[in-house]
Amino acid sequence: MTNPQDIRKVILSEFRQYEDMFAQTLQSGDDLLSQVLDYIHSKRGKQLRPILVILSAALCRGVTDKTIQTAVALELMHTASLVHDDVVDDSPMRRGSEAVHALWNNKIAVLVGDYLLTRVMHILSELRNVTILHIMSEMGASLTSGELLQLHSGQSMWISEEQYNKVIEQKTACLFAACSEAGAASTGATMRQMTAMRQFGMHLGMCFQLKDDVLDYSDVEDIGKPTMNDIRDGKATLPLLISLKRATKEDAEHIREVAEALANKSPHIDPFEAEQEIKSFILRYDGIRYAHQEMEKHRKKAIAALSIFPDNKYKESLITLLNYAISRVK
């Protein structure tokens, strides 16, 4: 299976420019801040979003200095949102390592997240590009709305499929959409090109989150994070939601009770047995297959969005990135 390292080979020089600038941006003269920033830098993920920014720019009119700055700004904003989200969710782990607030404390995590956002504002002030500023401000508003919607929905595990899609669109897909659209904007692309890239990024982001939700029910070891995390946090995702919709009334009522007991850490159940029962239920009612069918719908729409561009290595790499989002195992 292709991995992000293979995908970025066609933009290797540009990606190295991005990495150098990102590292420089995280430098600080404050000892404590430097420690936290160094830790964050060492725990970076797959870097799919900066790859998406650069590939989108390359497909449109070619990568510019503004493209690299845009990639750094978006990754900084994404990183800040993760640091803050871990505090909000009280999540002790991030990408298989301890979260910032778990290693230090909530106050430091929030302040470091705020510091990252000030670096974003500094880059945007240097860009002097109203279009990119608008894209990123809209994305920031969407990320916050998505988090608030999820918190409000979290008062009950049992949201509708429509509510679920709205949450992942605002919390995940909007960031991918902003990366591809801003990448195009950094080159002075046409409105038609920017719209196409935004559509591509949105559907790519939906695929990415749907796959994350499928992996949460995985039995594969070392996927980079604990499985069944969403259920333990009281969040029902698409594979379970659609299985409940398809199940008999008796089966659905029982599995709701099991899931709620697991989320509430009831002493009357064995967590491992509860998780296995939920996984078996989802397999029995084809919840995983349905999620894959939804991913395929978004994959086709994403590819269709790229139809306005001529075939070349950058378009091919974007499609490879899309396929990777669906086929990855962690």
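Since we're looking at a predicted model, the values are computed, not measured. Keep in mind that the numbers below use all heavy atoms, side chains included, and drop hydrogens, waters and symmetry copies.
In terms of heavy atoms, Ile269 sits closest to Ala274 at CD1-CB, 3.9 Å. Across all non-hydrogen atoms, the minimal contact from Ala184 to Met194 is CB-CG, 3.9 Å. Between Pro239 and Ile288, the closest heavy-atom pair is CB-CD1, 4.0 Å. Between Cys60 and Gln193, the shortest heavy-atom distance links the atoms SG-CB, 4.2 Å. When all heavy atoms are compared, the tightest approach of Leu143 to Ser81 is CD1-CB, 4.3 Å. Heavy-atom minimum distance, Gly62 versus Thr187: O-CG2, 3.1 Å.
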Show the numbers, then the answer: is there a side-chain hydrogen bond (donor to acceptor under 3.5 Å, both in side chains) between Thr64 and Thr67?
CA-CA 5 Å; Thr64 66; Thr67 305; 3.2 Å; yes
query = Step by step, would you call Ser180 with Ser56 a side-chain hydrogen bond (donor to acceptor under 3.5 Å, both in side chains)?
reply = CA-CA 5 Å; Ser180 51; Ser56 299; 4.8 Å; no
Point to revise | Evaluation steps, side chain to side chain contact (heavy atoms under 4.5 Å, CB included), between Thr195 and Gln199 | key: CA-CA 6 Å; Thr195 299; Gln199 289 173 347; 3.9 Å; yes
Item checked: Stepwise salt bridge (Lys or Arg N to Asp or Glu O under 4.0 Å) test for Arg328 and Asp212 -> CA-CA 9 Å; Arg328 64 197 169 93; Asp212 253 10; 3.0 Å; yes
Original post:
Please walk me through it: do Leu124 and Val120 pass side chain to side chain contact (heavy atoms under 4.5 Å, CB included)?
Top reply: CA-CA 6 Å; Leu124 290 176; Val120 173; 4.0 Å; yes
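The cationic group of Arg49 lies under 6.0 Å from the six-membered ring centre of Phe208 and within 45° of the ring axis, placing it in a cation-pi geometry.
More than 12 heavy-atom neighbours from other residues, nucleotides or ligands sit within 6.0 angstrom of CG on Asn105. More than 12 non-hydrogen atoms from other residues, nucleotides or ligands lie less than 6.0 angstrom from NE2 of His41. Arg289 CZ: 12 or fewer foreign heavy atoms inside a 6.0 Å radius.
Put simply, the side chain of Asp216 gets close to the backbone of Asn229: a donor and an acceptor are under 3.5 Å apart. A donor-acceptor pair under 3.5 Å links the side-chain atoms of Asp270 to the main chain of Phe272, judged by distance alone. Remark: the backbone N or O of Ser28 is paired with a side-chain donor or acceptor of Ser34 at under 3.5 angstrom. Side-chain N or O atoms of Ser266 include none that pairs as donor or acceptor with a backbone N or O of Leu262 at under 3.5 Å. Using modelled atom types, no side-chain atom of Ser142 and backbone atom of Met139 make a donor-acceptor pair closer than 3.5 Å. Between the side chain of Lys66 and the main chain of Leu127, a donor-acceptor pair closer than 3.5 Å is present.
Tyr39 is linked by a ring-ring contact (aromatic ring centres under 6.0 Å, His included) to Trp104, counting only residues two or more places apart in sequence or in another chain. Listed by chain and number, the residues in a salt bridge (charged side-chain N to carboxylate O under 4.0 Å, His left out) with Lys279 are Asp219 (sequence neighbours excluded). Considering only residues two or more places apart in sequence or on other chains, Glu161 meets the side chain to side chain donor-acceptor pair (under 3.5 Å) condition with Tyr290. Not counting sequence neighbours, the partners of Tyr285 by the ring-ring contact (aromatic ring centres under 6.0 Å, His included) test are Phe281. Among residues two or more places apart in sequence or in another chain, the side chain to side chain donor-acceptor pair (under 3.5 Å) test is passed with Tyr164 by Asp213. Considering only residues two or more places apart in sequence or on other chains, His203 meets the ring-ring contact (aromatic ring centres under 6.0 Å, His included) condition with His298.
Contacts classified as salt bridge (charged side-chain N to carboxylate O under 4.0 Å, His left out) and involving residues 309-320 (residues at least two apart or in different chains) are given here: Asp311-Lys315. Counting only residues at least two apart or in different chains, salt bridge (charged side-chain N to carboxylate O under 4.0 Å, His left out) contacts with residues 110-124 are absent. Sorted by first and then second residue, the salt bridge (charged side-chain N to carboxylate O under 4.0 Å, His left out) pairs involving residues 102-111 (not counting sequence neighbours) form an empty list.
Side-chain atoms of His101 and Asn106 form a donor-acceptor pair, as typed in the model, at a separation below 3.5 Å. Checking Ser317 against Thr320 by side-chain atom types alone, no donor-acceptor pair falls below 3.5 Å.
The closest side-chain heavy-atom distance from Pro50 to Val72 is not below 4.5 Å. Side chains of Gln27 and Leu37 form no contact here, defined as non-hydrogen atoms less than 4.5 Å apart. Looking at Asp286 and Arg246, their side chains come closer than 4.5 Å, going by heavy atoms from C-beta outward.
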Show me the donor-acceptor pairs within less than 3.5 Å that the side chains of residues 254-261 make with the rest of the protein, sequence neighbours left out.
unit_1, atom_1, unit_2, atom_2, d
His254, NE2, Glu277, OE2, 2.4
Glu260, OE2, Trp158, NE1, 2.7

Kindly list each side-chain donor-acceptor pair under 3.5 angstrom involving residues 11-26, sequence neighbours excluded, with atom names and distances?
unit_1, atom_1, unit_2, atom_2, d
Tyr18, OH, Gln47, OE1, 2.8
Thr25, OG1, Met21, O, 2.7

Identify every side-chain donor-acceptor pair in residues 168-179 under 3.5 Å, counting partners at least two apart or on other chains, and give the distances.
unit_1, atom_1, unit_2, atom_2, d
Gln170, OE1, Gly146, N, 3.3
Lys171, NZ, Glu147, OE1, 2.9
Lys171, NZ, Gln150, OE1, 2.9
Thr172, OG1, Gln209, OE1, 2.8

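A salt bridge does not link Glu75 to Arg44: none of the charged nitrogens lies less than 4.0 Å from a carboxylate oxygen.
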